[in-house]
2 protein chains.
Amino acid sequence: MDDGPVAGDTPTLHDVAREAGVSIATASRALNGSARNVRAENLTRVRAAAAKLNYEPHLSAQAIAKGSTMTVALVVRDVADPYFSSIAAGVTQAAREAGLIVTMAVADSSPERELEIVKTLRGQRPRIVIIAGSRIDGTPTRESLIEELQEYRTAGGQVVLVSQRDLPFGTVTIDNHGGSAALARALLSIGYRRFAVFHAPPSLRTSRDRHEGFLSGLTGVPEPLAIETGFTRAGGYDAARRLVERGLEDVEVVFAVNDVMAIGAMTAFRDAGLTPGTDIGVAGFDDIGSAVDVVPSLTSVAVPLREAGVSAMRLALSADAEATTRLPVSVVLRESTPPRPPA
Amino acid sequence: MDDGPVAGDTPTLHDVAREAGVSIATASRALNGSARNVRAENLTRVRAAAAKLNYEPHLSAQAIAKGSTMTVALVVRDVADPYFSSIAAGVTQAAREAGLIVTMAVADSSPERELEIVKTLRGQRPRIVIIAGSRIDGTPTRESLIEELQEYRTAGGQVVLVSQRDLPFGTVTIDNHGGSAALARALLSIGYRRFAVFHAPPSLRTSRDRHEGFLSGLTGVPEPLAIETGFTRAGGYDAARRLVERGLEDVEVVFAVNDVMAIGAMTAFRDAGLTPGTDIGVAGFDDIGSAVDVVPSLTSVAVPLREAGVSAMRLALSADAEATTRLPVSVVLRESTPPRPPA
DNA sequence: TTGTACGCGTTATCAT
DNA sequence: ATGATAACGCGTACAA
């Protein structure tokens with residue numbers, strides 16, 4: 001009658017080996033390594049012992065022994081934002097399928113914070129680093145960040161950026177420019193001629209691309225009115241309020257560079273006594289879940305966010321260091337931009 | 001002129017020590033341990049060397065050397081759901097303040113998957129395990145899960161459950177029962193008398209608590225009509241459709257046990273030609289962000305989700321193994337339940 | 001205060 | 001096929 005390990009102690013490989021009556025090396029082989037090179041009987045004995053002791057290998061120990069981890073480090077701007085949480089969902093799903101563990105850090109829209117995260121993240125020695133929604137465009141930390149990310153590479157890690165292009169790393173982009181252009185053409189085709197654009201500061205690359213893409217899709221109409229504001233619901237609300245104060249004049253439809261801005265704008269219009277869809281058209285970008293639940297339902301450009309997360313992982317696992325995946329988007333016309341009869 | 005470590009190699013403490021001309025032990029003390037016991041000059045030398053080499057300590061190595069990690073393992077039902085992503089935001093924020101690393105796993109609404117996750121998670125030897133939105137009520141895996149979680153405890157880890165009570169672990173609950181009762185009283189006070197409840201199967205504890213709480217708040221009115229459906233937007237849509245098909249009869253207001261269900265229900269009513277708020281009142285629970293952006297804006301019960309995540313971390317760090325934090329909720333009446341003049 | 005040496009749990013190399 | 005044993009990178013007694 002053996003009394004096993006001391007109560008309250010987590011069993012180690014050593015305990016399993018002892019329980020199975022084999023050496024620790026054989027136990028290791030039976031559980032993790034090349035199971036082919038171990039006698040069938042010992043294999044079952046070890047497995048039985050592991051099950052009996054409820055043994056789980058110590059990942060950290062494995063990591064330092066093998067010289068590499070099973071970790072993918074995910075950095076997002078804000079988990080609570082449906083945009084990023086959808087990407088995170090895709091990443092975790094793909095990571096699970098690949099048997100990897102996901103660690104998550106939140107950058108809070110701060111480039112400094114982001115740099116700090118990426119720095120300390122190195123301590124984890126992640127196999128893969130995925131950064132979603134960074135705004136490293138034109139920030140003073142840009143160079144340092146690139147440098148820091150290079151180090152992961154030389155250390156054998158993969159770096160993938162989501163929706164951040166022009167950097168020497170694997171990249172998953174969504175076709176912001178093309179999607180906005182397609183939206184512009186769609187709105188033209190159903191009769192709209194006078195446009196306004198609610199956009200964020202151009203240093204935010206996503207906003208700039210969508211803005212420019214929209215302009216490129218407009219032909220033969222007056223220059224749209226551009227209102228700069230925040231990339232948030234509050235920003236959209238504020239821009240709409242300013243537009244109303246200044247006088248709608250002949251603006252027929254507003255394109256907000258993302259859905260939450262568009263939804264905020266709709267609420268602002270309504271607060272000002274205007275009915276979105278009827279008095280003024282509204283379109284967004286992202287096609288977030290609630291786009292179909294607002295009234296009127298929101299015209300938008302559908303972005304496969306979850307797919308973006310999955311693609312990021314796929315890219316990282318492909319070991320193709322600087323490949324780019326561009327995700328297709330699709331225009332979804334809804335009630336917020338009803339067809340407009342020619343004047 | 002020294003040539004430092006081989007290019008492409010991640011510097012170790014050994015490299016730092018060599019660069020600074022001290023022993024590994026001194027380098028270790030200077031960077032992490034008791035910095036008091038090292039001469040000022042060596043301290044600066046080591047720090048300079050670490051900075052020059054851009055050294056980051058290998059967390060896995062630290063973990064096995066110290067015998068404990070800096071990891072908090074977060075298990076959520078679905079990251080893409082705003083409910084859980086808000087909790088996750090709170091957890092990551094609090095973890096950051098405590099200098100801990102968050103790993104995230106998604107349980108996909110499956111108790112089996114949840115058990116599997118909790119099992120393999122042990123490999124991480126997390127300091128803290130936080131489980132949000134489990135549905136371990138009455139499932140066959142319940143006992144195994146409890147047993148598994150106990151092991152974390154005996155291994156020196158902390159376990160905290162969010163919105164899951166009656167288990168021998170730290171718990172953060174939201175006052176589902178009380179909040180629903182308060183909502184019921186509020187609706188009574190503005191004139192509603194005939195109710196319907198859209199709820200999920202009672203094995204889902206959250207749904208059951210909200211349902212029962214609502215009933216307990218109703219006095220002197222007919223038994224509400226109860227429609228069982230899924231805990232999702234689609235479930236809400238479906239329940240509303242069924243209610244309409246069956247005939248609204250005298251139902252004046254619907255309470256859906258969460259907001260996404262309520263929003264789905266509103267869309268279903270509208271699809272059926274009814275105007276929510278006017279033809280039928282609708283109320284939800286959670287007060288998710290889009291509650292103010294739907295039309296009519298949704299009456300709900302506000303839940304401090306982010307706070308829940310923060311509280312879970314606080315609880316875990318307090319080392320008070322089985323304490324319970326109950327988060328207060330508050331009724332928010334909006335346009336979806338306009339005051340109803342007495343008949 | 002500093003350095004030496006051992007231990008953490010695992011994998012991998014090398015004999016056997 | 002199996003068992004010693006040397007790594008892996010770090011913390012920390014212990015000795016100096």
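We name chains A, B, ... by the order of the sequence lines, and we start the count at 1 in each one. If you're wondering where the values come from, they're calculated on a predicted model, not measured in any experiment.
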Counting only side-chain N and O atoms of B:Ser23, is one of them less than 4.0 Å from OP1 or OP2 of C:dG3?
-> yes
Specify the residue among B:Glu56 and A:Val22 whose closest nucleotide of DNA chain D lies further upstream toward the 5′ end.
-> A:Val22
Counting only heavy atoms not in B:Glu147, do more than 12 fall under 6.0 Å of its CD?
-> no
Nearest-nucleotide 5' precedence on DNA chain C, B:Ala40 against B:Ile64 = B:Ala40
Within-4.5 Å side-chain heavy-atom neighbours: B:Ser85 and A:Phe84 = no
B:Asn37 CG to C:dT2 C1': how many Å, rounded?
-> 10 Å
Can you tell me the distance, in whole Å, between the CZ atom of B:Arg125 and the C1' atom of C:dC8?
-> 12 Å
Report yes if a side-chain nitrogen or oxygen of B:Asn42 is closer than 4.0 Å to either non-bridging phosphate oxygen (OP1 or OP2) of C:dT1; otherwise report no.
-> no
Distances under 3.5 Å between nitrogen or oxygen atoms of protein and nucleotides 11-13 of chain D:
unit_1, atom_1, unit_2, atom_2, d
D:dG11, OP1, B:Asn32, ND2, 2.9
D:dG11, OP1, B:Gln62, NE2, 2.7
D:dG11, OP2, B:Ser28, OG, 2.8
D:dG11, OP2, B:Asn32, ND2, 3.2

What is the minimum heavy-atom distance between B:Pro11 and A:Arg125, and which atoms define it?
-> O-NH2, 4.0 Å
If you measure from CG on B:Leu13 to CG on B:Asn32, what distance do you get to the nearest 0.5 Å?
-> 7.5 Å
CZ of A:Arg18 versus P of D:dG3: gap in Å, rounded?
-> 15 Å
Measure from CE on A:Met70 to P on C:dT11 and round the result to the nearest Å.
-> 12 Å
Using distance alone, with no hydrogens and no angle criterion, decide if A:Arg153 and A:Gln158 have a side-chain donor and acceptor under 3.5 Å apart.
-> no
A:His14 NE2 - D:dA4 P separation (whole Å) = 11 Å
Ion pair check, A:Glu19 and A:Lys52, cut-off under 4.0 Å = yes
